[in-house]
Amino acid sequence: ASLGPVARALFGGAAWWDTYEAWAAAPATFPLASRTAGDPESPAAAVQAGLQPALEARSPQIEIVGDPEDADLVLWNVWDIALCLASGHQAEDWELAKGRLAQSCEAHFALLAWLTETPRWRRHHGRDHVLFVDFPYFWESYTHFKPKPLLPLHHTVADMQAVLRITRNATMIGVEDARLRLHRGASTFVAVPYFVNSSVYQALAVQDREHLVGFAASSELYNWSSCESCDLDLVNNSGLRAKIFEDLKTHCAEGECEVYDLTQILSSSSGKQRANMSFYDSADVSFVKVVQGAVFCPIPRGDSWTSKRLFMAILGGCIPVVLSDAIVLPFAPATDYRGAMLLVPEARMMSPGFSLVAFLRSQPPRKVAAMQARLACIRDSITFRPDCAPSAGPGACPGSAMDFLVASLVHLAHHPREIFDVPASQYWRSDPVP
């Protein structure tokens, strides 16, 4: 069903809605896409472009109906950043670079307020409604955890209780839900991969690789937390980063590891270029070469449990070494990550006698080859490919991320209490480090 009549009634026939509809119908025409250098963090544009075709490809298993009253699930397929910019919302530079907003805008919240008053929403308090929210914790708490001097002058959330009625009840598709479980209410979260441009990053895992380890990351992180559940962890994230850098510096032989400390590289810009990928190119730091040139890629936490570098590594054929206990592995267990990566618990990494480099050197060649082969098999399942026709066999080796998302939604319709964002430590259920 089209939201056009509702939007025109809410916004007085605003001409900007036509602009949004044109962008939503053809996401490649979104004019600010160039700010992401073709590689946004958010998969929202890919979901906008591919969700309906992927659903239609599942007919007759899935039937798309025009009346929400006739549906098992109601999909609110609104592309947040495009809607907000069309309405005149001013985004920050880092938001444009990542292809997402920290919090949504007044126009989208007005539409959602209308949605929560519909009979279909009120019947189950929105629990059978599905919308895309990259990071629900940002929607709820951005103005609380972000230091006030760094906040935009104009806040977009006038009624936080109205936002909570959505985020504590609806099913959300996104990258990460960093809220504590007890703060999720009755909501469900379906985790999907970060967007990674496969035409740029993809490489054969078995090709000759110059380095044992490739790592480009910041040694110093923000001194404020954007992850509620991280605040309860016993391992300090900055301390974990420091231990990784020190281990690589101390134990890597000359030329064995390719390591870049982005904190030092960013010091000349006072950190303002952190989300500007072209800045790193000008500093001769190629994330593509790092993941394509190494056998192993350490994956610690980012500003929260998850990190885009996990998916960059998988596409680049670099075996991920997961150093984040609660990182979520999208579409597990349908996608079996265990044969394609290593998991080192954070406490093990921080223990005095453990060396990451020595551990990676000790991996038998046969095991490395098997992990590389498995990487080639799972990479499509975490890749959004706008030009790829939906697969007839979701869960099969060549299935795309959109296939797995649709399969998750089908499963959700029949199993509404299922958990779709299982942390890595629970997925493995044991410590794989000998």
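Heads up: numbering here begins at 1 and tracks the sequence.
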- Task: Could you pull out the closest heavy-atom pair between S187 and R179, with the gap in Å?
- Result: OG-NH2, 3.0 Å
- Measuring from S362:OG to K367:NZ, what's the distance to the nearest 0.5 Å? 8.0 Å
- Query: Does a donor on one side chain sit under 3.5 Å from an acceptor on the other, for S425 and D325?
  - Reply: no
- Task: Would you indicate whether the side-chain heavy atoms of M349 and D247 approach each other to under 4.5 Å?
- Result: yes
- Query: Is S381 reaching over with its side chain to a backbone N or O of I378, donor-acceptor style, under 3.5 angstrom?
  - Reply: yes
- Residue pairs meeting ring pair (Phe, Tyr, Trp, His ring centres under 6.0 Å), one or both in residues 34-55, sequence neighbours left out, come to none
- Quick one: closest heavy-atom pair of L323 and E346, and the distance? O-CG, 3.1 Å
- Task: Can you see which heavy atom on R301 is nearest to which on N236, and at what distance?
- Result: NH2-C, 4.4 Å
- Query: If you look at every heavy atom in I319 and A340, which pair is closest and at what distance?
  - Reply: CG2-O, 3.8 Å
- Message: Once rounded to the nearest 0.5 Å, what's the spacing between atom CD of Q103 and atom NE2 of H89?
- Response: 9.5 Å
- Does the Q372 side chain pair with the main chain of V206, one donor and one acceptor, at a distance under 3.5 Å? no
- Task: Look at the aromatic rings of F30 and W23 and report parallel, tilted or perpendicular, splitting at 30° and 60°.
- Result: perpendicular
- Item | Contact summary for S219 and T263, nearest pair of heavy atoms | N-OG1, 3.0 Å
- Query: Got a salt bridge between E256 and R361, using NZ or NE/NH1/NH2 to carboxylate O under 4.0 Å?
  - Reply: yes
- Item | Parallel, tilted or perpendicular: ring planes of F11 versus W16, cut at 30 and 60 degrees | tilted
- Take L101 and H108, measure what side chain to side chain contact (heavy atoms under 4.5 Å, CB included) needs, and give me the verdict at the end. CA-CA 12 Å; L101 302 178; H108 196 180; over 6 Å; no
- Message: Please determine whether side-chain hydrogen bond (donor to acceptor under 3.5 Å, both in side chains) holds for the pair D380 and S400, giving the CA-CA distance in whole Å, both sets of side-chain angles, and the decisive distance to 0.1 Å.
- Response: CA-CA 5 Å; D380 283 344; S400 70; over 6 Å; no
- Would you check if L115 and I166 make a side-chain contact, meaning some heavy-atom pair closer than 4.5 Å? no
- Message: Rounded at 0.5 Å granularity, tell me how far CG in L356 sits from CZ in F215.
- Response: 9.0 Å
- Task: Step through it carefully: locate the ring centre of F287, locate the ring centre of Y260, and say whether they are under 6.0 Å apart.
- Result: no
- Separation of I382 CD1 from L315 CG (nearest 0.5 Å): 4.5 Å
- Going by heavy atoms in the side chains, are L55 and L75 under 4.5 Å from each other? yes
- When the ring centroid of F109 is compared with that of W114, is the distance short of 6.0 Å? no
- Task: Applying side chain to side chain contact (heavy atoms under 4.5 Å, CB included), run through F331 and L405 and close with a yes or a no.
- Result: CA-CA 8 Å; F331 312 133; L405 172 57; 4.3 Å; yes
- Query: Side-chain donor-acceptor pair under 3.5 Å between N169 and H125, yes or no?
  - Reply: no
- Item | Side-chain donor or acceptor of Q48 paired with backbone N/O of A45 under 3.5 Å | no
- To the nearest 0.5 Å, how far apart are CG in L310 and OG in S324? 9.5 Å
- Query: Any side-chain heavy atom of C257 sitting closer than 4.5 Å to one from H211?
  - Reply: no
- Query: Does some side-chain heavy atom of V133 sit less than 4.5 Å from a side-chain heavy atom of I173?
  - Reply: no
- Message: Walk me through whether V321 and I299 qualify under side chain to side chain contact (heavy atoms under 4.5 Å, CB included).
- Response: CA-CA 6 Å; V321 184; I299 313 293; 5.8 Å; no
- Task: Go through the steps to decide whether M172 and W76 satisfy the test side chain to side chain contact (heavy atoms under 4.5 Å, CB included), and finish with yes or no.
- Result: CA-CA 10 Å; M172 289 168 287; W76 183 261; over 6 Å; no
- Item | Minimum side-chain heavy-atom gap T188-R127 below 4.5 Å | no
- Could you tell me how the ring of F359 sits relative to the ring of F354: parallel (under 30°), tilted (30 to 60°) or perpendicular (over 60°)? tilted
- Item | Pairwise side-chain contact, F404 with P330, heavy-atom cut-off 4.5 Å (strictly under) | no
- Message: Could you tell me if R100 sits above the aromatic ring of F132, with its cationic atom closer than 6.0 Å to the ring centre and no more than 45 degrees from the axis?
- Response: no
- Message: Can you tell whether the side chains of D421 and R181 come within less than 4.0 Å, N to carboxylate O?
- Response: yes
- Indicate yes or no for a side-chain donor-acceptor contact from Q292 to the backbone of Y201 under 3.5 Å, with no hydrogens or angles considered. yes
- Query: Relative to the ring of F195, is the ring of F384 parallel (under 30°), tilted (30 to 60°) or perpendicular (over 60°)?
  - Reply: parallel
- Note on the structure: Minimal heavy-atom distance between S286 and K289, with the atoms involved, is OG-N, 3.1 Å
- Query: Is the backbone N or O of A102 less than 3.5 Å from a side-chain atom of E95, with the two atoms forming a donor-acceptor pair by type?
  - Reply: yes
- Give the C-alpha distance, both sets of side-chain angles, the deciding distance and a yes or no for side-chain hydrogen bond (donor to acceptor under 3.5 Å, both in side chains) between Q202 and S198. CA-CA 5 Å; Q202 187 164 312; S198 59; 4.9 Å; no
- Item | Donor-acceptor contact present, side-chain E418 to main-chain H415, <3.5 Å | no
- Looking at CG of L10 and CG of L3, how far apart are the two atoms once the value is rounded to the nearest 0.5 Å? 9.5 Å
- Note on the structure: So the side-chain hydrogen bond (donor to acceptor under 3.5 Å, both in side chains) pairs with at least one residue in residues 305-322 (sequence neighbours excluded) are D39-K308, S229-W305, S307-R309
